[in-house]
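See structure below.
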Amino acid sequence: MTSNATSSPLSQAHLLPVFARADVAFERGEGAWLIGTDGERYLDFTSGVAVNALGHAHPHMVAALQEQATKLWHMSNLFKSPDGERLAARLCEQSFADFVFFANSGAEAMECAIKVTRHYHFSKGHPERTRIITFEGAFHGRTLGTLAATGAAKYLEGYGTPLDGFDQLPLGDIEAVKKAIGPNTAGILIEPLQGEGGVRAPSNAFFGALRELCDKNGILLIFDEVQTGMGRTGELFAYQRIGVTPDVMSLAKALGGGFPIGACLVTAEAAEGMAPGSHGSTFGGNPLAVAAANSVLDIMLKPGFFDHVKKMSLLLKQKLAGVVDGHPDVLSEVRGEGLLIGLKAVVPAGDLVAALRDAKLLTVGAGDNVVRFLPPLIVSESEIEQAVQRLEQACVALGSSAKTSAKTQGAA
Ligand SMILES: *Cc1c(COP(=O)(O)O)cnc(C)c1O
């Protein structure tokens, strides 16, 4: 019953073993569904870790990419990019930003955010302002710079002295932030909702207080929306839901709907001093990536798109809360916003992910013993119901006696 029966063991043996891959492979997808090489249909609540926001093989995206593939695959940044200009203009029109830099991944978008933040102070005559305040549980990427910003010992170990310039503080501790801001501070970097860290967020008031501190101290507020951006939390950008506007924002995961593209969005003021030569990328703004991202926006900007996300979010959260109530020996809490939902597990989160996979529901583990439910934003009511049934099944398989615990609760 090995699911990768069609691929020889040799084809696997040469991938650098940095991922603990589950023993299953997929050959195609349709909306919220993935079809395994074993012929089984899986309900995909990973969305490629918040990437395939419009599901798999969305006809509009397929057509856009096919059309672009017949025209231009790559064009260097030596020349103008009308489609890139259009994508940047649309992103700015929908956000606080005045300028966009295109990259190829989340980490690269974050690298740009960090560089812009340092360069802003450099161009204002304060080259000493290089330090950025970050928060525990953060995830900003795997390059040496973003890894230092992430600050997790388990990822940093073995890679030498981390890049200097990040001061990590407890999430939500505004007094610690006030104390940490000094003459060398350049900005504050935070995810509106931590994804990898376990679907955790401080209060909206904390974000508001960060904004005030940034304004008071002349430093920049940077939001890492690589995971929360592009509709994941129920608005196009999570900052819009929180009601606090950053100066710099990184995007990636869902921006291309599955085609690699990242972006760093900045205000005109934050971008001051960025000039030809200040930053660059060979592939950034690649025509295929730009076509994919424009096609994602075509769908997301249609009236009612985010109403659907919010409606599905409410339904999923309510149903998950019901399962949590019925299985207190397996699950303890539902958290998150939009369709970035975390289930805190009592059993090891990895066991729950495996049991869900056995029930043909794909989910993603996160920090803090949380399992992430990241359905595509186009998920239907019936697919949510099927996912919840599969969760119920997995809870039973994990040794929970649903009826007993429900009775116990009812009797209490
Ligand atoms: C995934 C992620 C990144 C890194 O993106 P890559 O494309 O893997 O480099 C950075 N920040 C956040 C919040 C993420 O979720």
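Just follow the structure's listing: the first ligand is 1, and inside any ligand the first atom is 1.
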Checking the side chain of H126 only, and the main-chain atoms of E128 only, is there a donor and an acceptor separated by less than 3.5 Å? no
Within-cutoff protein neighbour (heavy atom, under 4.0 Å) for atom 5 (O) of ligand 1: yes
Assess whether a salt bridge exists between D298 and K302, defined as any Lys/Arg side-chain N lying under 4.0 Å from an Asp/Glu carboxylate O. no
For atom 15 (O) of ligand 1, state which one of K253, E196, E191 supplies the nearest heavy atom. K253
In ligand 1, the atoms that come under 4.0 Å of a heavy atom of Q227 are 15 (O)
Checking R131 against F166: charged group under 6.0 Å from the ring centre and within 45 degrees of the axis? no
Got an N/O contact under 3.5 Å between E108 and ligand 1? no
Quick note on ligand 1: atoms under 4.0 Å from a heavy atom of S105 include exactly 7 (O), 9 (O)
M110 to ligand 1, any heavy atom closer than 4.0 Å: no
Within the 4.0 Å heavy-atom shell around H140, which atoms of ligand 1 are there? 10 (C), 11 (N)
Between K80 and E85, is there a side-chain N and carboxylate O pair less than 4.0 Å apart? no
Any nitrogen or oxygen of A107, side chain or backbone, less than 3.5 Å from one on ligand 1? yes
I'd like to know if the side chain of S380 pairs up with that of E383 as donor and acceptor (distance under 3.5 Å, no hydrogens or angles considered). yes
Atom 7 (O) of ligand 1: closest protein heavy atom, distance to 0.1 Å, is G106 N, 2.8 Å
Are F237 and F96 close enough that their ring centers fall under 6.0 Å? no
Indicate yes or no: does E30 engage R28 in a salt bridge with an N to O separation below 4.0 Å. yes
Can you tell which part of A252 has a heavy atom less than 4.0 Å from ligand 1: side chain, backbone, both or neither? neither
For atom 11 (N) of ligand 1, closest protein heavy-atom neighbour: D224 OD2, 2.7 Å
Does a side chain donor of either E272 or S123 reach within less than 3.5 Å of an acceptor in the other side chain? no
Has ligand 1 got any nitrogen or oxygen that is less than 3.5 angstrom from a nitrogen or oxygen of F139? yes
